[in-house]
Amino acid sequence: MTSNDTLSPVRGKLLRNEPLAPYTWFRVGGAAEALFIPADAEDLADFLKALDPAVPVTVLGVGSNVIVRDGGVEGVVIRLAGRPWAQITTDGDTVTAGAGALDSMVAKASAKAGIAGLEFYAGIPGTIGGALTMNAGCYGSETKDVLVSAWGLTRAGERVDYDLADFGYTYRHSQAPADIIWIEATYRGTADEPEAVAARISEITSRRETTQPIREKTGGSTFKNPEGHSSWKLVDEAGWRGKLHAKTGGGAKFSELHSNFMINPGEATAADIESLGEAVRADVLAKTGVLLEWEIKRIGRAG
């Protein structure tokens, strides 16, 4: 894609060569060749239908679980941000949320409506779109436990509807095509007193604040838990908790508070952060025979 490529008119925002670091929690990475923030689902569908099929498309939520590499991202990055994408409604024991809604806000809206079962979303630093893609979960609950259905758009801009069974969920994985851009999801919980649900959310929030570096430049859980193991224990036992690792000068490290959370303590680059993760994977494999699998998504080109 070049500066001369023609992109269709939109009602949302379409920005060329837009730096992506401000849109991610790590605050690192290069620019998107084009960043599109659609006004609504119709705007997005029209844009996708008109877009050359050869142009790569990448979806970015709130950037809480992603490393954007220093060379930036080819093609179009689509960000579902703003009120149209964050709508949350409740009806009886169901909750419907836009793909751009924060997981934590969905948990809070559920509590206000007296719907139990979605409290765990208060502990996940992302949006519903990402939760659908990776079967997000924590504290013993996962998206698959409460999801009823969702709908999205294909790369060609056509609507697709999925019931829970269509996702084929396993641990942090969905069998749905990776190029579907999720638009909205519906969940079903159980009736409970709003105060009781809110109290459980408070417990999760307090636990997260005391055990995770949520006020640092971080990306959430770095590695998936291998079967029979906890990633944080493997990282810790290999000696990487709090150990600064520098590749290009800035340096990155695993948090002293939670050793499955990488942090950018100052001026780390994306290369610093990804290099740290790969160094730890290699070291843990050599010492234990266990291969850690990335949970953080890494996108774009190396600098």
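Counting from 1, the numbers follow the sequence of the chain as shown. The shown structure was predicted, so the numbers you read here are calculated from the model rather than taken from an experiment.
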Taking the side chain from Thr218 and the backbone from Met262, do they hold a donor-acceptor pair closer than 3.5 Å? yes
Rounded to the nearest 0.5 Å, what separation is found between the CG atom of Leu132 and the CD atom of Glu184? 10.5 Å
Answer yes or no: does atom CD of Glu267 have more than 12 heavy-atom neighbours from other residues, nucleotides or ligands under 6.0 Å? no
Following the transitive rule for hydrophobic clusters with a side-chain heavy-atom cut-off under 4.5 Å over Ile, Leu, Val, Met, Phe, Trp and Tyr, establish whether Leu147 and Val106 coincide in one cluster. yes
Interatomic distance, CG@Asp166 vs CD@Gln175, rounded to 0.5 Å, equals 10.5 Å
Going by the side-chain hydrogen bond (donor to acceptor under 3.5 Å, both in side chains) test, which pairs reach into residues 44-71, not counting sequence neighbours? Arg69-Glu274
So which atom in Ile37 and which in Ala81 form the shortest heavy-atom distance, rounded to 0.1 Å? CG2-O, 4.0 Å
Might you work through the side-chain contact (heavy atoms from CB on, under 4.5 Å) test for Ile214 and Arg208, ending with a clear yes or no? CA-CA 8 Å; Ile214 61 174; Arg208 182 167 170 254; 3.6 Å; yes
Taking the side chain from Asn264 and the backbone from Phe26, do they hold a donor-acceptor pair closer than 3.5 Å? yes
Are Trp85 and Leu48 in one and the same hydrophobic cluster, where Ile, Leu, Val, Met, Phe, Trp and Tyr link if side-chain heavy atoms are under 4.5 Å apart? yes
One should read off an interatomic distance between Ser231 OG and Glu293 CD, to the nearest 0.5 angstrom, of 9.5 Å
Might you point out which heavy atoms bring Gly129 and Thr133 nearest each other, and give the distance in Å? O-OG1, 3.0 Å
Going by an N to O cut-off under 4.0 Å, is there a salt bridge joining Glu256 and Lys253? yes
Contacts table for residues 114-123: side-chain donor-acceptor under 3.5 angstrom, sequence neighbours left out:
unit_1	atom_1	unit_2	atom_2	d
Glu119	OE1	Gly117	N	2.7
Glu119	OE2	Arg200	NE	2.9
Glu119	OE2	Arg200	NH2	2.9
Tyr121	OH	Thr143	OG1	2.9
Tyr121	OH	Tyr187	OH	3.1

Any side-chain heavy-atom pair from Tyr23 and Arg79 closer than 4.5 angstrom? yes
For the atom pair OG (Ser110) and CE (Met105), what is the distance rounded to the nearest 0.5 Å? 11.0 Å
Check whether any side-chain N or O of Trp182 sits under 3.5 Å from a backbone N or O of Leu153 as a donor-acceptor pair, and report yes or no. no
Taking every heavy atom of Val55 against every heavy atom of Gly75, the minimum-distance pair comes out as CG1-CA, 3.9 Å
Derivation and outcome, salt bridge (Lys or Arg N to Asp or Glu O under 4.0 Å), residues Lys13 and Glu18: CA-CA 11 Å; Lys13 293 182 180 179; Glu18 178 71 5; over 6 Å; no
Side chains of Asp163 and Val148: does their closest heavy-atom pair fall under 4.5 Å? no
Looking only at heavy atoms, which two atoms of Ala268 and Ile273 are closest? And how far apart? CB-CG1, 4.2 Å
Phe223 with Leu257, same ILVMFWY side-chain cluster at under 4.5 Å: no
If only atom types and distance count, is the side chain of Tyr171 paired as donor or acceptor with the main-chain N or O of Lys224 below 3.5 Å? no
Under 3.5 Å, side chain of Asp43 to main-chain N/O of Arg11, donor-acceptor pair present? yes
Could you check Lys144 against Leu164 for side-chain contact (heavy atoms from CB on, under 4.5 Å), going step by step and ending with a plain yes or no? CA-CA 7 Å; Lys144 69 177 180 62; Leu164 172 60; 4.2 Å; yes
One thing to verify: whether Glu142 and Arg172 come together as a salt bridge, which I'm taking to mean a side-chain N less than 4.0 angstrom from a carboxylate O. yes
Side-chain heavy-atom pair Arg207, Tyr139 within 4.5 angstrom cut-off: yes
Do Leu51 and Arg155 have side-chain heavy atoms sitting under 4.5 Å apart? yes
Residue pairs passing the side-chain hydrogen bond (donor to acceptor under 3.5 Å, both in side chains) test where at least one lies in residues 276-286, sequence neighbours excluded: Trp240-Asp283, Glu278-Arg281, Glu278-Trp294, Asp283-Lys287
Exceeds 12 heavy-atom contacts within 6.0 angstrom, atom NZ of Lys297: no
Any donor-acceptor N/O pair, Thr288 side chain to Val290 backbone, under 3.5 Å: yes
Is the Phe167 ring parallel, tilted or perpendicular to the Tyr169 ring (thresholds 30°, 60°)? parallel
Closest non-hydrogen atom pair, Gly251 against Asp272: N-OD2, 3.1 Å
Ile88 with Leu102, same ILVMFWY side-chain cluster at under 4.5 Å: yes
Please test Ile201 against Glu203 for side-chain contact (heavy atoms from CB on, under 4.5 Å), starting from the C-alpha separation and ending with a verdict. CA-CA 5 Å; Ile201 288 176; Glu203 290 176 11; over 6 Å; no
If you define the side chain from C-beta out and look only at heavy atoms, does anything of Lys112 sit under 4.5 Å from Pro194? no
Does Lys217 use its side chain to pair, donor to acceptor, with the backbone of Pro265 at less than 3.5 Å? no
Can you measure from CZ (Arg241) to OG (Ser255) and round to the nearest 0.5 angstrom? 7.5 Å
For the pair Asn260 (side chain) and Trp232 (backbone), establish whether a donor and an acceptor sit closer than 3.5 Å, ignoring hydrogens and angles. no
Looking at the rings of Phe254 and Phe261, which for Trp means the six-membered one, are their centres under 6.0 Å apart? no
Got a donor-acceptor contact below 3.5 angstrom from the Thr154 side chain to the Glu158 backbone? yes
With a 4.5 Å limit on heavy-atom distance, are the side chains of Ile299 and Ile67 in contact? no
A quick test of your reading: do over 12 heavy atoms of other residues, nucleotides or ligands sit less than 6.0 Å from CG of Asp91? no
Thr186/Thr96 under side chain to side chain donor-acceptor pair (under 3.5 Å): CA gap, chis, key distance, verdict: CA-CA 4 Å; Thr186 297; Thr96 299; 3.1 Å; yes
Closest non-hydrogen atom pair between Thr127 and Gly100, with its separation: CG2-O, 3.7 Å
Check for me, please, whether Val28 and Leu60 land in the same ILVMFWY cluster - side-chain distances under 4.5 Å, paths through other members count. no
Quick one: do Leu35 and Leu14 satisfy side-chain contact (heavy atoms from CB on, under 4.5 Å)? Show the steps, please. CA-CA 6 Å; Leu35 175 67; Leu14 184 57; over 6 Å; no
Thr24 side chain to Arg27 backbone, donor-acceptor under 3.5 Å: yes
Is there side-chain contact between Leu292 and Val235, with heavy atoms separated by less than 4.5 Å? yes
Evaluate the side-chain proximity of Leu80 to Leu44: yes if any heavy-atom separation is below 4.5 Å, no if none is. yes
